[in-house]
Amino acid sequence: MKKIFGLFVLLLAFYTANAQILDPVKFSTSTEKISDTDYYLVITAAIDNGWHLYSQTVPDDGPIPTTIFITESDSTKTFQLIGKPIEEKGHTSFDKTFQMDIKYFEETTTFKQRIRLLTNDKIDINGEIEFMACDDGQCTPPTFKDLSFSLQGKAGELATEDEIKNLTKEKKNEVTKTTSKKTNSGSEKGLWTIFLIAFFSGFAALLTPCVFPMIPMTVSFFTKQSKNKAIGMRNAIIYGLSIVIIYVFLGLLVSAIFGSDALNALATNVWFNLIFFVLLVVFAASFLGAFEIVLPSSWGTKVDAQADRGGMIGIFFMALALAIVSFSCTGPIVGTLLVEAASGGNQIGPIIGMLGFSLAIALPFALFAAFPGWLNSLPKSGGWLNTVKVVLGFLELALAFKFLSQADLVLQLHWLEREVFIAIWVAIFGTLALYLFGKIRLPHDSPLTHISVGRLSLGLLSLSFTIYMLPGLWGAPLNLISAFPPPQEYSESPYGVGYTKTGGGSTESHQDLPEGAHLLAPHDILAFNDYDKGLAYAKKINKPVMIDFTGWACVNCRKMEQNVWAKSNILPILKNDIVLISLYVDDKRKLAEDEIVDSQLKPGKKLKYIGQKWSELQAVKYKTNTQPFYVLMGHDEENLIDPVGYTPDVDEYHNWLTEGISSFK
């Protein structure tokens, strides 16, 4: 991994040194006939290997969504737009760059906009598509590309609102073409993760008081009923397969009920996350001994009656009886797995989860039934089984707050900020450590005369994890659990409880900020968002300029600001030795009328937005369009040192700053 990372850094440095305009997505247009009057305007995107093009619908604080603009004629209406553009299923998985579940496309995809012709004449339709593309290390700024279509058909009647609604419903149910070449390594990794977590969860379920004692009982039944060893092995295999079928069917049921659209919405839907939070708290309370979740007793009675029939049907109902009888222990685990798998947005996630869980349950039952002599190696039932159940309860409680946190982030309520989340986890795992050390007893616990080696080891692990999380309250990144708590900027104090913003070196007093300047949070660095005003101030106080080409949706920009700029050898330089000009290439505010100019890169186009102005400045002057991108320049607007991009190595970034400033002096 170190070699791979090193190679990646070298490649990144190479591309930075040889700056170029990246164009990872190529678009082509065509038309598709639906009827004599109705057509699809088809936009096909060819995406470079390793790059992602994002969906038209992405979560807030995510990447720039793909947006299609089709211009309808005003005076002489020649066509009518029917609904909104539709897109392919794509892939939804956890995006490491933006730290959220996002729908995206790889290799190739199509968008379709339905229209109705209102003239018999040949017409030309023009439009524009705005998009952002990212790979694992960089993103393009919001980019606009022209679209053009030409077609001729028969004039139709203007569609009514009811007709448009009906046609829109049809389009929602339509699955556009997919290509056989498409693969989704991210989704595959996500499914493997679900499978492995579910598999080990199945083994955990085996060690609960509802399941573990049933192993010798089941094996005894097969031993007595089987006439010989071959029949015993056959029955054991059928029994194991029956367990798998029952749980996989449950996964199929969840997928069928929700459907792919609903599953894709789970990760960012506030109500789903709140419901999941409540469900997991209920599951946790059950495991901790507050109550038991059981299915109606009549179900077990009816299933037991069917199990007495014998043969393959009887064996299947024996497996179903196991699932029902053990539900008070397996139910919360199964429910948690289904919640986690479904919230990943992949429709087959619940099926894969139940496959992994059921295999872990089925294998021991089938193996011990086939080889009953192995039973002698099993430990005896006892209080340790309830301990396993309680530990699972603490884990479920901790996981519940992940979903509550996601709801809070989407609503931006700031009720469960980073410090609060970490404090809750410290309390949960600290209490778990006390429980394992025998300092706390819960319902159904047996008297603890001594602590076993296994329990002691688990207690030490929980205590170590609790101590590890404590520095998170003071700004530690906590990389081991980075996927769970809110990001560092979503906190009462972005650098931890008790941290002062002016820490990290002296700073000049900016009681009266110069025109166009502001203090960049959370470090209080004097910064400008206007190129001319920042340059004028730099000339006035005789300091070099650092241009920061950045973006609101640029995650690597935030990583630099949080993990590099905050360092004690970097922050004083940014505060005292340079004038910072931060130019946001995705700023959607409109330019003033007197600032709108022609684009140098796209003849005939106007630069209408502030972000377009800075994006074109970067592309024209520095021949690159990725962020972050840092330039150190003098008052003559010439580079003091070669610009750099994303530079997570603090020493490397420090050397770049000091060399550039030395050149200015």
Side-chain angles (χ1 to χ4, degrees), residues 15 20-34 39-59 62-70 83-98 100-115 125-151 170-191 260-261 263-264 344-348 553 602 625-626:
Y15 279 110
Q20 57 180 334
I21 302 297
L22 295 175
D23 188 21
V25 185
K26 313 294 190 300
F27 292 96
S28 60
T29 58
S30 60
T31 58
E32 182 181 315
K33 185 175 180 179
I34 303 171
Y39 287 80
Y40 277 133
L41 304 179
V42 182
I43 306 160
T44 302
I47 307 163
D48 287 354
N49 187 38
W51 286 81
H52 293 161
L53 174 68
Y54 293 101
S55 167
Q56 297 175 94
T57 55
V58 298
I64 300 297
T66 298
T67 308
I68 297 168
F69 306 94
I70 302 294
K84 297 180 179 179
I86 58 176
E87 60 186 34
E88 294 182 7
K89 289 177 66 176
H91 314 294
T92 300
S93 64
F94 187 77
D95 190 298
K96 293 181 180 179
T97 303
F98 291 95
M100 61 178 67
D101 289 294
I102 300 176
K103 180 180 177 182
Y104 62 90
F105 308 100
E106 291 180 321
E107 295 190 11
T108 182
T109 191
T110 59
F111 302 89
K112 293 183 178 183
Q113 170 65 63
R114 185 168 185 156
I115 66 164
I125 300 175
N126 296 316
E128 198 171 43
I129 186 167
E130 180 189 17
F131 66 96
M132 168 187 275
C134 295
D135 64 6
D136 290 337
Q138 56 193 338
C139 293
T140 63
T143 305
F144 291 85
K145 290 196 176 182
D146 293 329
L147 306 171
S148 60
F149 308 87
S150 182
L151 54 97
E170 291 177 13
K171 286 190 289 183
K172 284 183 178 178
N173 294 327
E174 177 181 328
V175 179
T176 55
K177 74 180 183 75
T178 57
T179 62
S180 59
K181 291 182 180 179
K182 280 192 175 182
T183 58
N184 181 9
S185 58
S187 295
E188 289 174 1
K189 290 178 182 176
L191 292 176
S260 58
D261 290 339
L263 290 176
N264 285 336
N346 194 311
Q347 192 170 10
I348 65 171
K602 299 178 181 179
N625 61 346
T626 60

I'd like to check Ile125 versus Leu41 (side-chain heavy atoms, cut-off strictly below 4.5 Å). Are they in contact? yes
Give the C-alpha distance, both sets of side-chain angles, the deciding distance and a yes or no for side-chain contact (heavy atoms from CB on, under 4.5 Å) between Thr143 and Ile129. CA-CA 8 Å; Thr143 305; Ile129 186 167; over 6 Å; no
Among residues at least two apart in sequence or on other chains, which ones pass ring pair (Phe, Tyr, Trp, His ring centres under 6.0 Å) with Phe131? Phe27
Flag the pair Glu106 / His91 as yes when at least one side-chain heavy-atom distance between them is below 4.5 Å, and no otherwise. yes
Residue from Ile102, Val58, Thr57 passing side chain to side chain contact (heavy atoms under 4.5 Å, CB included) with Pro65: Val58
Gap separating the OH atom of Tyr39 from the CD atom of Glu32, nearest 0.5 angstrom: 11.5 Å
Can a donor-acceptor pair be found, under 3.5 Å and without considering hydrogens, that links the side chain of Thr31 to the backbone of Leu151? no
NZ (Lys103) and OG1 (Thr66) are apart, to the nearest 0.5 Å, by 10.5 Å
State the NZ-CD1 distance between Lys145 and Ile43, to the nearest 0.5 angstrom. 13.0 Å
With side-chain hydrogen bond (donor to acceptor under 3.5 Å, both in side chains) as the test, would you mind laying out the steps for Glu87 and Ser55 before giving the verdict? CA-CA 8 Å; Glu87 60 186 34; Ser55 167; 2.6 Å; yes
On a heavy-atom basis, which atom in Phe69 and which in Glu130 lie closest, and how many Å separate them? CE1-CB, 4.1 Å
Begin from the C-alpha positions of Thr109 and Leu53 and carry the test side-chain contact (heavy atoms from CB on, under 4.5 Å) through to its verdict. CA-CA 9 Å; Thr109 191; Leu53 174 68; 4.2 Å; yes
Between Thr44 and Thr110 (side chain of the first, backbone of the second, donor and acceptor by atom type, cut-off under 3.5 Å), is there such a pair? no
Check against side-chain contact (heavy atoms from CB on, under 4.5 Å), Leu147 and Asn126: CA-CA 6 Å; Leu147 306 171; Asn126 296 316; over 6 Å; no
Between Thr29 and Ser148, what is the shortest heavy-atom contact and its length? OG1-O, 2.8 Å
Nearest heavy-atom pair of Ile47 and Thr108: which atoms, and what distance? CD1-N, 4.4 Å
Please assess Phe111 against Gln56 for the test side-chain contact (heavy atoms from CB on, under 4.5 Å), listing each intermediate value before the final yes or no. CA-CA 10 Å; Phe111 302 89; Gln56 297 175 94; 3.9 Å; yes
Thr140 and Trp51, any side-chain heavy atoms less than 4.5 Å apart: yes
Rounded to the nearest 0.5 angstrom, the CD-CZ distance for Gln113 and Phe149 is 9.0 Å
Relative to the ring of Tyr104, is the ring of Tyr54 parallel (under 30°), tilted (30 to 60°) or perpendicular (over 60°)? perpendicular
How many angstroms lie between CG in Asn49 and CD in Glu107, if you round to the nearest 0.5 Å? 6.5 Å
